[in-house]
Amino acid sequence: MSIKLRLTAWYSGILAVMLLAFSAAIYGFFYINTYGDIKDRLRNQAKGESLDVVFDNRLEAQNLYGQMYFYDSGKLVQSLTLTNINLRFDIPPRESLKGDGFKDAYYKGYHFLIFQKAINVEGYNKNPAAVIQMAAYTGEQDKLLERLKTILIAGSFATLIAAFTFGLFLARKAMSPIGKVIEAAEGIQTGNDLSVRIEYDGPPDEIGRLIRTVNSMIGRMEGFYKNLEQSYAAQRRFVSDASHELRTPLTTIRGNIELLQKVWELEPGEKPAMDEATIRQMSVESVRDIADEAKRMSRLVGDMLSLARADTGRTFEKEPVALEPMMVEVARRAAFLPREAEWVVGDLSVLNGKYVLGNKDYLQQMLFIFIDNAFKYTPSGEVSFDAVVYQSQVGLRVRDTGIGMEKNEVPYIFDRFYRADESRGITEGIGLGLSIAKWIIDEHGGSIEVVTRQGEGTTFIIWLPLLFAAPLE
């Protein structure tokens with residue numbers, strides 16, 4: 001059974017009970033007042049123990065009748081009306097007459113309400129000596145109450161049917177937005193368009209709040225779904241690019257190993273196609289190529305592990321880091337990196353006493369990524385390294401006079417495996433360094449500024465928030 005039908009059934013059931021109680025109360029009120037008035041008139045009429053009241057001679061026109069019966073003499077005295085219509089009420093036996101009381105009786109098809117009263121004579125040993133009976137014709141009252149009962153029953157049923165019909169209509173109308181919610185939920189289950197929202201222009205009641213909640217939930221699910229699709233797409237690109245990058249060193253290693261295997265498996269009696277010096281030189285070059293490709297694969301695997309750690313949301317421990325000693329150490333060690341450009345270290349004294357909340361090892365890794373990139377893309381000229389302080393931030397600046405890049409490439413340089421077309425195949429690298437550096441900067445709550453021009457060089461400024469609280473020693 002649906003909710004709207006259950007609600008209508010409950011509403012109709014409660015209404016039926018209320019109508020039954022209301023109808024019973026109305027019927028009881030009319031019954032008590034109608035018959036109570038007649039009983040009072042009969043009781044009052046019988047007080048005098050006489051029949052001195054003048055009665056009309058028409059039964060339908062007069063509804064009070066009386067008779068008195070004397071038990072010893074058997075004498076029956078009736079009102080004029082009863083005598084004219086030749087009607088006699090049943091006389092109760094003397095022994096059964098205990099006191100006053102009312103009873104219903106039917107005579108010639110007419111309904112009478114009879115009040116009978118015992119007449120006792122003081123000093124008489126056979127009391128009651130007589131009985132007086134006062135009767136009232138109640139046909140009109142019976143008809144009135146019967147009509148009232150019919151009206152109450154028919155009206156209650158008609159009201160109940162109308163209430164059930166309109167209640168079902170209103171319940172269906174009120175619950176129709178729930179059907180839209182169900183359709184939206186089924187659409188989500190079957191993978192339909194999550195951009196669809198449930199339209200509702202009704203009052204801000206429980207259903208309105210439910211629909212707003214469902215729309216909000218669908219919106220969040222849509223955002224999650226899009227992010228998930230983007231993540232899956234990025235993961236597919238990542239796996240594809242990683243496979244591509246790993247294929248080259250593996251091919252080189254396999255080719256060199258096959259070459260060494262052929263040379264070293266020559267039988268002693270076979271005449272070598274090359275002299276010993278050539279074979280030795282070839283072997284050394286092959287081993288060197290294998291070592292270089294192994295190092296390249298190690299760097300690739302290390303970078304991929306770092307990015308995988310970033311993807312899982314893992315972070316690292318942070319503590320106050322003194323900037324000046326760290327920058328001086330990075331500048332000293334960077335001088336030993338392979339390079340063709342001149343290495344220029346600017347004034348780092350502005351960092352004296354400046355701290356950031358971060359991880360020293362990861363900050364150094366990030367700086368070496370930018371410095372190594374600058375050396376790779378600066379075949380001639382210089383690479384400078386300095387820092388600036390602006391308000392509550394410190395900017396670590398790496399500037400080169402290398403090949404630079406187009407401005408439309410800047411939004412993509414931090415994507416994984418992205419490398420400028422001009423450098424592809426010329427400058428070694430796998431395109432993961434800047435992605436790792438961006439992750440480190442984000443984890444430190446910083447930002448990066450890029451200024452570049454094709455053929456003139458590139459400047460990276462890493463902005464980090466300063467730590468103003470004194471670090472604990």
Side-chain angles (χ1 to χ4, degrees), residues 17-156:
V17 173
M18 294 179 64
L19 286 174
L20 179 62
F22 182 70
S23 299
I26 292 178
Y27 186 82
F29 175 79
F30 274 90
Y31 183 90
I32 293 173
N33 281 272
T34 300
Y35 286 102
D37 181 63
I38 296 176
K39 288 180 179 180
D40 291 339
R41 292 173 60 193
L42 291 176
R43 191 181 291 109
N44 293 332
Q45 188 67 29
K47 283 182 179 180
E49 300 181 1
S50 64
L51 298 174
D52 54 358
V53 179
V54 178
F55 295 95
D56 193 357
N57 58 5
R58 289 184 298 110
L59 182 62
E60 293 83 4
Q62 196 71 29
N63 58 359
L64 286 181
Y65 314 94
Q67 69 180 17
M68 180 179 287
Y69 178 77
F70 298 91
Y71 285 103
D72 290 335
S73 63
K75 182 180 179 181
L76 177 65
V77 181
Q78 292 182 311
S79 64
L80 181 61
T81 306
L82 286 178
T83 303
N84 291 337
I85 63 175
N86 193 22
L87 182 62
R88 177 180 176 179
F89 299 131
D90 294 336
I91 305 300
R94 176 184 287 180
E95 58 274 9
S96 66
L97 193 60
K98 302 299 182 182
D100 303 342
F102 291 91
K103 71 174 184 177
D104 291 314
Y106 287 89
Y107 296 95
K108 296 183 179 181
Y110 296 100
H111 179 222
F112 289 86
L113 178 63
I114 301 175
F115 174 75
Q116 57 189 16
K117 177 183 177 181
I119 304 298
N120 297 316
V121 178
E122 186 176 353
Y124 189 67
N125 58 357
K126 290 184 179 181
N127 284 324
V131 60
I132 185 171
Q133 294 175 313
M134 297 300 301
Y137 172 66
T138 59
E140 295 297 330
Q141 287 77 11
D142 293 341
K143 291 178 181 178
L144 175 63
L145 290 176
E146 189 66 26
R147 292 192 186 111
L148 177 62
K149 183 169 64 175
T150 302
I151 291 173
L152 289 175
I153 293 175
S156 297

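Residues passing the ring pair (Phe, Tyr, Trp, His ring centres under 6.0 Å) test with Tyr106, sequence neighbours excluded: His111. The side chain to side chain contact (heavy atoms under 4.5 Å, CB included) search around Phe102 returns Lys39, Leu42, Arg43, Leu113, Phe115, not counting sequence neighbours.
In this structure, the side chains of Val77 and Phe70 come closer than 4.5 Å at one or more pairs of heavy atoms. Side-chain atoms of Ile114 and Tyr107, non-hydrogen and from C-beta on, do get closer than 4.5 Å to each other.
Distance check, rounded to the nearest 0.5 Å: CD of Gln116 to CE of Met68 gives 13.0 Å. Atoms CG and OG1, on Leu145 and Thr150 in that order, are 10.5 Å from each other to the nearest 0.5 Å. The CG atom of Leu148 sits 9.5 Å away from the CD1 atom of Ile153 when rounded to the nearest 0.5 Å. The distance from the OH atom of Tyr31 to the CG atom of Leu144 is 13.0 Å, given to the nearest 0.5 Å.
Using a 4.0 Å cut-off between charged nitrogen and carboxylate oxygen, Glu146 and Lys149 count as a salt-bridge pair.
Nearest heavy atom pair, residue Ile38 against residue Ala136, reads CG2-CB, 3.5 Å. Nearest heavy atom pair, residue Ile132 against residue Ile119, reads CG2-CD1, 3.9 Å.
Under the 3.5 Å distance criterion, the side-chain polar atoms of Asn127 are matched with a main-chain donor or acceptor of Val121.
Dense packing is recorded around OH of Tyr27, with more than 12 heavy atoms of other residues, nucleotides or ligands lying under 6.0 Å away. The environment of Lys108 atom NZ is dense: over 12 non-hydrogen atoms of other residues, nucleotides or ligands sit within 6.0 angstrom. Around NZ of Lys143, the count of heavy atoms belonging to other residues, nucleotides or ligands within 6.0 Å does not exceed 12.
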Run the side-chain contact (heavy atoms from CB on, under 4.5 Å) check on Leu152 and Phe22 step by step: do they pass?
CA-CA 9 Å; Leu152 289 175; Phe22 182 70; 5.7 Å; no
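The aromatic rings of Tyr110 and Phe112 stand perpendicular to each other, their planes meeting at an angle above 60°, with 30° marking the opposite boundary.
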Below 3.5 Å, can you tabulate the donor-acceptor pairs from side chains in residues 87-97 to any protein atom, sequence neighbours excluded?
{"unit_1": "Arg94", "atom_1": "NE", "unit_2": "Pro128", "atom_2": "O", "d": "3.3"}
{"unit_1": "Arg94", "atom_1": "NH1", "unit_2": "Lys126", "atom_2": "O", "d": "3.3"}
{"unit_1": "Arg94", "atom_1": "NH2", "unit_2": "Asp72", "atom_2": "OD1", "d": "2.8"}
{"unit_1": "Ser96", "atom_1": "OG", "unit_2": "Pro93", "atom_2": "O", "d": "2.8"}

